[in-house]
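Take a look at the structure below.
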Amino acid sequence: MTGSMGMAPVIGVGIARQTDRTTVVIDGDGAFLMNPGALMVTKQYRPENFLHLVLDNGSYESTGGQESSSAIFDIPQMAAAMGYRECTRIHDTENLRQRLPGLVRAPRGPHLVYVRTRSTPAGSHPRITVDPAANFLRFRDWMTDPRKGEA
């Protein structure tokens, strides 16, 4: 979703409304905090098959590692205030490995799963090189026939 920071939950809610399968959105703390209005869409539609995974490393890592505001905002509390039925805090990788399969199978959503992570040095992750139009086409094709490959 190059150029759409903060819009992943809105897209995910739209997808969840079109399927009975669990829709999982993976978001960062910066993107989550970038667009709190997206939470209103989640509240409006409250899809039960929606699982929103937020990875909080305390920074806008994809744009250079600038500090986010997650240290002063309780992300699960924000989600609960905006109608998420459940908010789960996961504190370590092992707990995530153990719990995520069950959460995906029965999300009872909208459900936010919050994971605090470590930040990495600025520039340690490559920038996305796929053209946004190519991303759109790949995603559209996958939505019409998931057997064509991974989105």
Side-chain angles (χ1 to χ4, degrees), residues 1-70 73 75-76 78-79 82-88 90 93 96-151:
M1 293 311 309
T2 306
S4 304
M5 193 170 195
M7 295 304 294
V10 174
I11 295 165
V13 165
I15 294 168
R17 295 188 70 215
Q18 300 299 315
T19 182
D20 292 332
R21 296 172 60 189
T22 300
T23 300
V24 179
V25 167
I26 302 173
D27 227 345
D29 55 304
F32 181 92
L33 294 168
M34 180 71 69
N35 187 11
L39 300 176
M40 290 183 235
V41 174
T42 306
K43 183 174 185 169
Q44 179 179 354
Y45 294 106
R46 295 178 61 119
E48 291 182 7
N49 60 333
F50 181 67
L51 182 70
H52 192 173
L53 177 64
V54 177
L55 306 174
D56 181 359
N57 66 1
S59 69
Y60 292 96
E61 197 165 304
S62 69
T63 61
Q66 302 88 348
E67 186 178 335
S68 78
S69 301
S70 68
F73 289 101
I75 288 175
M78 287 175 66
M82 290 306 293
Y84 281 70
R85 287 187 176 97
E86 291 191 47
C87 297
T88 300
I90 295 189
T93 306
L96 179 62
R97 277 192 194 108
Q98 289 174 358
R99 297 188 64 192
L100 193 57
L103 294 170
V104 170
R105 279 192 298 275
R108 299 176 306 278
H111 190 154
L112 181 116
V113 176
Y114 173 84
V115 183
R116 182 75 176 131
T117 66
R118 289 187 306 254
S119 187
T120 59
S124 61
H125 293 290
R127 299 287 295 161
I128 295 171
T129 58
V130 178
D131 176 67
N135 256 351
F136 163 75
L137 294 173
R138 185 175 72 170
F139 183 70
R140 183 196 63 194
D141 290 346
W142 182 82
M143 286 297 296
T144 56
D145 185 0
R147 293 170 293 169
K148 286 184 179 178
E150 296 179 16

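Bear in mind the structure is a predicted one, so any value in this text is a computation, not a measurement.
- Between the SG atom in C87 and the NE2 atom in H111 there is a gap of 7.0 Å [rounded to 0.5 Å].
- A distance of 9.5 Å separates OH in Y84 from CG in L51, rounded to the nearest 0.5 Å.
- A pairwise comparison of heavy atoms in M34 and G6 identifies CB-CA, 4.5 Å as the closest pair.
- For E67, there are no salt bridge (Lys or Arg N to Asp or Glu O under 4.0 Å) partners two or more places apart in sequence or in a different chain.
- With rounding to the nearest 0.5 Å, the separation of OG1 in T23 from NE2 in H52 is 12.5 Å.
- Closest non-hydrogen pair, N49 versus D20, comes out as ND2-C, 3.9 Å.
- Considering only heavy atoms from C-beta on, M78 stays 4.5 Å or farther from L112 through its side chain.
- Contact annotation: the side chain of M7 approaches that of N35 to within less than 4.5 Å [non-hydrogen atoms, C-beta and beyond].
- F32 CZ to L55 CG: the interatomic distance, rounded to the nearest 0.5 Å, is 12.5 Å.
- The shortest distance between side-chain heavy atoms of L53 and V115 falls below 4.5 Å.
- Heavy-atom minimum distance, I75 versus S70: CD1-CB, 4.2 Å.
- Residues P47 and T42 come closest through the heavy atom pair CD-O, 4.1 Å.
- The two residues F50 and A16 make their nearest non-hydrogen contact at CB-CB, 4.4 Å.
- Within the structure, every pair that satisfies the salt bridge (Lys or Arg N to Asp or Glu O under 4.0 Å) test and touches residues 29-57, not counting sequence neighbours, is listed here: D56-R116.
- Expressed to the nearest 0.5 Å, how far CE of M143 lies from CG of D141 amounts to 11.5 Å.
- Under the side-chain contact (heavy atoms from CB on, under 4.5 Å) rule, V113 has a single partner from V54, L103, I26, which is L103.
- Nearest heavy-atom pair, A8 versus D27, reported as atom, atom and distance to 0.1 Å: CB-OD1, 4.2 Å.
- A distance of 12.5 Å separates CD1 of I90 from OG1 of T117, quoted to the nearest 0.5 Å.
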